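None of the values given here were measured: they were computed from a predicted structure.
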Amino acid sequence: MDGTDRRLIDRLQDGFPLDDRPFQAIAAELGLDEDDVILRVRRLRETGVLTRFGPLFHAERMGGALLLAALKVPPEDFERVAAEVNALPQVAHNYARDHAFNMWFVLATETPEGISDAIAEIERRTGLTVHPMPKLAEYFVGLRFAA
């Protein structure tokens with residue numbers, strides 16, 4: 001990763017242009033060529049420097065729902081359960097924790113009713129009880145990392 005990659009990563013973390021050619025707009029800001037910006041983003045994704053590049057939507061404002069949930073998974077069954085949970089398109093991300101509730105995941109659905117459907121499907125597939133943790137308050141952290 002060179003200095004241009006670092007400037008590009010710093011720029012991509014805030015205010016992605018809503019434009020027909022957003023990479024061209026970013027390229028102009030950084031004094032680069034649009035194709036170079038696209039190639040750099042692609043390379044950073046392929047090499048794992050960027051693990052995720054995409055928009056974050058406020059699902060609830062769009063009529064959908066989000067929910068953090070947890071499972072108590074027997075350690076010897078963790079990989080099977082993770083595969084079952086991750087197979088659902090409603091699972092935004094899933095991670096292991098060193099806790100009795102050792103698998104936490106976020107559900108994102110098109111409607112609030114979709115949450116209960118997704119929970120029922122996970123319980124059916126895994127044979128485990130999903131523990132939902134509904135949001136009580138929302139805070140905006142605005143986390144960014146200097147590259």
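The OG1 atom of T47 sits 12.5 Å away from the CZ atom of R42 when rounded to the nearest 0.5 Å. A distance of 5.0 Å separates CD1 of I9 from CG of L50, quoted to the nearest 0.5 Å.
Taking 4.5 Å as the limit, some side-chain heavy atom of E60 sits within range of a side-chain heavy atom of E138. Inter-residue side-chain proximity for N86 and F105 is flagged as unmet; no heavy-atom pair is nearer than 4.5 Å.
Taking the six-membered ring where the residue is Trp, F23 and F53 present tilted rings, their angle falling between 30° and 60°.
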request  = Go through the steps for R43 and E46 under the test salt bridge (charged side-chain N to carboxylate O under 4.0 Å, His left out), then give the verdict.
outcome  = CA-CA 5 Å; R43 181 177 39 78; E46 290 171 355; over 6 Å; no

### Step-by-step side-chain contact (heavy atoms from CB on, under 4.5 Å) determination, L128 to D77
CA-CA 11 Å; L128 301 170; D77 206 19; 5.6 Å; no

Candidate pair D117 and T109, rule side-chain contact (heavy atoms from CB on, under 4.5 Å), full reasoning: CA-CA 9 Å; D117 294 342; T109 59; over 6 Å; no

How far apart are the C-alpha atoms of R40 and V49, what are their side-chain angles, what is the distance that settles it, and do they pass the side-chain contact (heavy atoms from CB on, under 4.5 Å) test? CA-CA 11 Å; R40 284 175 181 273; V49 172; over 6 Å; no

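A continuous path of hydrophobic side-chain contacts links I38 to L32 [ILVMFWY only; heavy atoms under 4.5 Å]. Note: the hydrophobic cluster containing V81 also contains V91 (ILVMFWY, side chain heavy atoms under 4.5 Å, direct or indirect links). In terms of hydrophobic clustering, with Ile, Leu, Val, Met, Phe, Trp and Tyr side chains grouped at heavy-atom distances under 4.5 Å, L88 and V85 are assigned to a common cluster. When the side chains of ILVMFWY residues are joined at heavy-atom separations under 4.5 Å, either directly or via intervening members, M103 and I119 end up in a single hydrophobic cluster.
Other residues, nucleotides and ligands contribute over 12 non-hydrogen atoms within 6.0 Å of the CG atom of D19.
In terms of modelled atom types and a separation under 3.5 Å, the side chain of R80 and the main chain of T126 share a donor-acceptor contact. Checking side-chain atoms of R11 against main-chain N and O of D14 turns up a donor-acceptor pair under 3.5 Å.
Residues V130 and E123 come closest through the heavy atom pair N-OE2, 2.8 Å. Residues M133 and A70 approach most closely at CE-CB, 3.4 Å, considering heavy atoms. Scanning all heavy atoms of the two residues, the minimum distance from A65 to T111 falls at CB-O, 4.0 Å.
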